[in-house]
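What follows is a set of notes on a single structure, which appears directly below.
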Amino acid sequence: MRNVGLRYFTAKGETEALSDITLEIPAGEFVSIIGQSGCGKSTLLSLISGVLMPTEGEVVVDGKQVRGPNPKIGYMLQQDYLFEWRTILDNAILGAEIQGTDLGKAKDRAVQLLTRYGLGKFLKHLPRQLSGGMRQRVALVRTLCTEPDIVLLDEPFSALDSQTRIALADEVADILRREGKTTILVTHDIGEAVSMTDRVIVLSRRPGRVKSDHRIEFASIGGVRPAPFATRNAPEFNGYFNRLWQELEVHVEG
Amino acid sequence: MSKASLATLSDASPQYLDYLRRERWTRITVRGSQIGILVVFTLLWEALPRLHIVNPLFTSYPSAIWPTFIELLRESQQQASILTHAWSSVFATVVGFSLATVLGVALAAVLWRSDTLYKILDPYFVVANAMPKTAFVPIFYLWLGATLSVYGMSLAISLFITTMIIYTGYQGIDPNKIKLALTFGATRGQIFRKVVFPGSVPSLFAALKVNVGLSLTGVVVGEFQSANLGLGYLIQYGSQIFKLNIVMTAITILALISVALYVVIYFVEALVTRGR
């Protein structure tokens with residue numbers, strides 16, 4: 001991603017949401033982007049996914065400039081947005097349906113993923129019969145069902161209660177690492193960023209710019225990356241947390 | 001009631017039993033009052049003319065409706081059977097209703113597709129909807145002839161409001177659901193077929209419920225002018241020869257038809273949205 005900027009235009013004027021962002025994310029890395037609300041974090045994901053086009057600069061994925069939605073990229077939104085008129089299984093294969101890929105194969109894969117993540121009994125259920133955490137897992141399956149190489153997560157746990165959120169973060173981080181996906185997680189939760197990802201990028205206030213870039217390592221728990229929940233007990237956790245807290249310049253304004 | 005809930009009912013707290021009693025009373029009061037209103041209305045309608053408080057020439061009696069109905073069942077040389085009239089009206093309503101629904105869905109889709117077109121046409125829609133379409137009955141008769149003008153009036157009365165309700169339904173779809181489809185690279189057509197249309201089924205049925213009454217209204221008004229068949233014609237004919245028995249019988253059948261059509265839509269809706 002090189003010198004990317006984006007302005008929103010309305011009748012009342014233009015808003016610069018992102019300014020001169022240059023980022024490189026190697027394949028297989030699990031990165032998080034944090035920043036205060038309104039700093040353009042979600043916009044950045046929309047640019048990478050090709051749902052929005054930058055007004056300046058270019059976004060390059062896999063050596064090719066992004067010109068529109070790309071089946072290699074899976075994008076998980078803030079809420080599950082499951083379609084209430086479709087069953088869980090039909091929701092999970094929505095991507096394959098739209099992309100016109102082999103439906104039979106997509107169905108097999110969806111069933112396999114849903115079963116693996118504890119939803120095997122709910123294939124024919126409707127979304128409203130499931131709890132928030134289960135619904136979000138269906139949304140993850142929907143994203144993974146199209147077999148993307150890159151997964152974008154836009155505050156995927158923000159709509160959940162805090163217990164579900166920590167438990168699900170463990171699960172999702174594990175799933176994505178095991179599947180070897182390149183993952184970009186957008187969040188405003190510092191703890192979530194530190195515990196889940198290998199690298200944390202801090203965006204400044206609007207217009208969003210890259211403010212700093214931190215590598216997160218937990219040497220004390222051995223070479224392998226520990227599960228998110230375990231990192232919260234690691235001695236390094238608080239150090240990272242405090243540094244990022246200061247970076248974010250969190251002020252509660254009245 | 002299942003066995004489990006019966007078991008719990010026997011050792012339920014007195015407060016809970018009290019609550020159940022009050023609930024049951026509310027249900028009985030509502031249903032009883034509904035029937036009561038109908039009975040009182042019918043009795044007044046029967047009694048007031050008989051006591052010469054109102055002129056029976058203008059109101060007929062409820063007790064006259066059934067004999068009149070039997071009488072009108074017979075076909076005469078000038079007059080078709082009342083069942084033929086009723087069928088003619090029902091058929092025209094179904095035609096107008098179906099046309100308005102199909103065209104309404106399509107028209108709303110076109111407006112949804114192009115925001116600019118919607119902005120251009122919006123004032124015309126508002127005026128077309130507010131205008132009394134019945135003013136066109138004589139013109140429709142000239143343009144379309146006896147049968148088609150009835151369908152035309154039915155369509156004209158129901159089309160615009162149907163389109164507007166369905167369009168509002170399309171607009172009410174969560175934009176994030178559309179964004180979700182976009183992240184998979186959906187085309188406009190796919191967004192419509194997979195997100196917008198299935199997502200607005202509840203408002204589609206709201207539109208159909210309004211539409212069915214308006215279609216019937218359009219048919220009756222169209223028949224006033226043009227046809228020699230249909231309940232609208234029968235009402236017109238009966239009032240011209242001052243036989244209010246005929247008019248009231250036709251109106252009673254219209255009421256039954258409108259209830260029946262509503263019930264049909266209600267059940268189709270229950271079938272389609274089952275389990276939602």
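A note on names: the letters A, B, ... follow the listed sequences, proteins ahead of strands, and every chain is numbered from 1.
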Heavy-atom proximity to chain B below 4.5 Å, by part of A/Gln79: neither

Any residue meeting side-chain hydrogen bond (donor to acceptor under 3.5 Å, both in side chains) with B/Ser88, in chain and number order, not counting sequence neighbours: none

Contact class of A/Arg142 relative to chain B, heavy atoms under 4.5 angstrom: both

Contacts of residues 98-111 of chain A with chain B (heavy atom under 4.5 Å): A/Ile98, A/Gln99

Close contacts, residues 91-130 of chain B versus chain A, judged by heavy atoms under 4.5 Å: none

Heavy-atom proximity to chain B below 4.5 Å, by part of A/Leu82: backbone

From A/Cys145 atom SG to B/Phe184 atom CZ, the distance as rounded to the nearest 0.5 Å: 8.5 Å

Minimum side-chain heavy-atom gap B/Val201-A/Trp85 below 4.5 Å: no

Contact listing (chain A partner; residues 167-183 of chain B; heavy atom under 4.5 Å): B/Asp174, B/Asn176, B/Lys177, B/Lys179, B/Leu180, B/Ala181, B/Leu182, B/Thr183

